[in-house]
Amino acid sequence: MSKKLFTLLAALLAISLIAVACGNDDDGPATPVASTAPPEETAEEPVEETAEEPAEEPMDDSVEESAVPGTIVEVAVESGAFPTLVAAVQAAGLVETLSGEGPFTVFAPTEEAFGAALAALGLSAEELLGDVDLLTAVLTYHVLPVAAPAEVVLGLDGQSVATVGGEDVQITVDGGSVMVNDATVVTADIEASNGIIHVIDKVLIPPSLR
C-alpha cells in the first residue's frame, strides 16, 4: 500500500471517531444543574390565642356567714326591738333553751305590749324580772315546740295549740288578721336558725295566772 493511501485512510478513520463522539454527546441525558434559587418560604399558620378565663375570686366567708340568721335569741338581740323580752328571757334562764336546736315558734310581744301588760298586772319591770316563776310561766306560754311559719298558722284557724309551758293558745283568722288568743300578729315570719318569730301586739297571759 502506498504511503499516500495509508495517510488518507487514517484521516477518514479519525473523522469517523470524532463524529461518533459528537453524536453521543448530543443524544445523552443532560446533567442536571443544581438550582440556585432560594427555597420558597412556607407561610406559618397564625396561632389562635385563647382568652384566659378570669380566676375565680375566693368567697368572702364573712358575707356568707352574715346571710345565715342566728338563733331566736340572737335575732331578737340584734334587732334591738325587743329589749324587755330579751331581758325577761335572760332573767328566767331561758337563753340556753331558746338557743337550742328547736325548732321553736315564738310569739314576741312588742315593747308597747309589755308596757300595757305591766300596767294591767300592777307590776314594774324590775318586779316582773325579779319573779322567775312568773316570768317562766309567761314566757313559755309564748313559745310553740314546732316551727310554724305564717302559712302553717293560717291553717290552724279555730284550733288550740299546746305551748312549751303546757297550756294552750287559741289561733283564729279574722279578716286576714291572725289572732293568738286576743293578740294580733303584726309582723310574721322573722326567720332564725332554730325557728320562727311572729311579733304580736299583746302579752299572752296563761289561763292559770288570770
Side-chain angles (χ1 to χ4, degrees), residues 63-92 94-95 97-125 128-129 134-210:
V63 173
E64 186 178 357
E65 288 177 3
S66 64
V68 179
T71 64
I72 287 172
V73 174
E74 290 171 338
V75 170
V77 170
E78 289 171 8
S79 73
F82 312 103
T84 302
L85 175 62
V86 171
V89 168
Q90 292 170 338
L94 294 175
V95 171
T97 299
L98 294 178
S99 298
E101 234 177 82
F104 303 107
T105 297
V106 173
F107 297 110
T110 62
E111 281 299 289
E112 293 78 8
F114 267 109
L118 290 172
L121 293 171
L123 298 173
S124 66
L128 176 63
L129 295 177
L134 176 62
L135 268 181
T136 302
V138 171
L139 292 175
T140 55
Y141 191 58
H142 289 75
V143 182
L144 304 182
V146 294
E151 60 182 12
V152 172
V153 175
L154 287 169
L156 297 173
D157 183 23
Q159 298 184 41
S160 295
V161 183
T163 66
V164 169
E167 298 187 70
D168 294 350
V169 290
Q170 182 77 23
I171 306 294
T172 56
V173 179
D174 183 14
S177 296
V178 176
M179 308 286 293
V180 184
N181 292 351
D182 59 346
T184 302
V185 175
V186 294
T187 304
D189 289 345
I190 299 174
E191 294 187 1
S193 62
N194 61 341
I196 304 286
I197 298 173
H198 300 305
V199 182
I200 56 177
D201 63 356
K202 288 185 179 180
V203 173
L204 304 176
I205 306 298
S208 59
L209 296 179
R210 293 176 193 167

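If you're wondering where the values come from, they're calculated on a predicted model, not measured in any experiment.
- The distance from the OG atom of Ser79 to the CD atom of Glu74 is 12.0 Å, given to the nearest 0.5 Å.
- Closest approach of Leu98 and Val106 over heavy atoms only: CD2-CG2, 4.5 Å.
- Taking CG of Leu204 as the reference point, atom CG of Leu209 lies at 12.0 Å (rounded to 0.5 Å).
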Open item on the list: Does Val203 form a side-chain contact (heavy atoms from CB on, under 4.5 Å) with His142? I'd like the steps, not just the answer.
Closed with: CA-CA 8 Å; Val203 173; His142 289 75; 3.9 Å; yes
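- Across Ala108 and Phe82, no two heavy atoms sit closer than the pair CB-CE2, 4.0 Å.
- Remark: Ile205 CD1 to Glu167 CD distance equals 11.0 Å, nearest 0.5 Å.
- Using a 4.5 Å heavy-atom threshold, the side chains of Glu111 and Pro83 count as touching.
- Using a 4.5 Å heavy-atom threshold, the side chains of Val152 and Val146 count as separate.
- A donor-acceptor pair under 3.5 Å links the side-chain atoms of Asn194 to the main chain of Gly100, judged by distance alone.
- Checking side-chain atoms of Thr110 against main-chain N and O of Asp201 turns up no donor-acceptor pair under 3.5 Å.
- The shortest non-hydrogen separation linking Asp168 to Ala162 is OD1-CA, 3.2 Å.
- Here the straight-line distance linking atom CD1 of Ile171 with atom CG of Leu144 works out to 6.5 Å at 0.5 Å rounding.
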- [ ] Using the side-chain contact (heavy atoms from CB on, under 4.5 Å) rule, take Thr105 and His198 through it: C-alpha gap first, then chi angles, then the decisive distance, then the call.
- [x] CA-CA 7 Å; Thr105 297; His198 300 305; 3.6 Å; yes
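- To the nearest 0.5 Å, atoms CZ (Phe104) and CD1 (Ile196) are separated by 13.0 Å.
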Anything under 3.5 Å between a donor and an acceptor, one on a side chain of residues 113-122, the other on a protein residue two or more places apart or in another chain? List them.
none

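- Nearest approach of Ser193 to Pro69, heavy atoms of both residues: CB-O, 3.4 Å.
- Checked options Val73, Ile72, Val77; the residue passing with Val95 is Val73 (criterion: side chain to side chain contact (heavy atoms under 4.5 Å, CB included)).
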Open item on the list: Before you tell me yes or no, could you show the steps for Val185 and Val153 under side-chain contact (heavy atoms from CB on, under 4.5 Å), namely the whole-Å CA-CA distance, both residues' side-chain angles and the distance that decides it to 0.1 Å?
Closed with: CA-CA 10 Å; Val185 175; Val153 175; 5.8 Å; no
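- In this structure, the separation between CD on Glu112 and OG1 on Thr84 is 9.5 Å, given to the nearest 0.5 Å.
- Counting only residues at least two apart or on different chains, the side-chain hydrogen bond (donor to acceptor under 3.5 Å, both in side chains) pairs with a member in residues 171-192 are Tyr141-Asn181.
- Between the side chain of Gln170 and the backbone N or O of Gly158, at least one donor-acceptor pair lies under 3.5 Å.
- Counting heavy atoms from C-beta outward, Thr140 and Thr163 have side chains that stay 4.5 Å or more apart.
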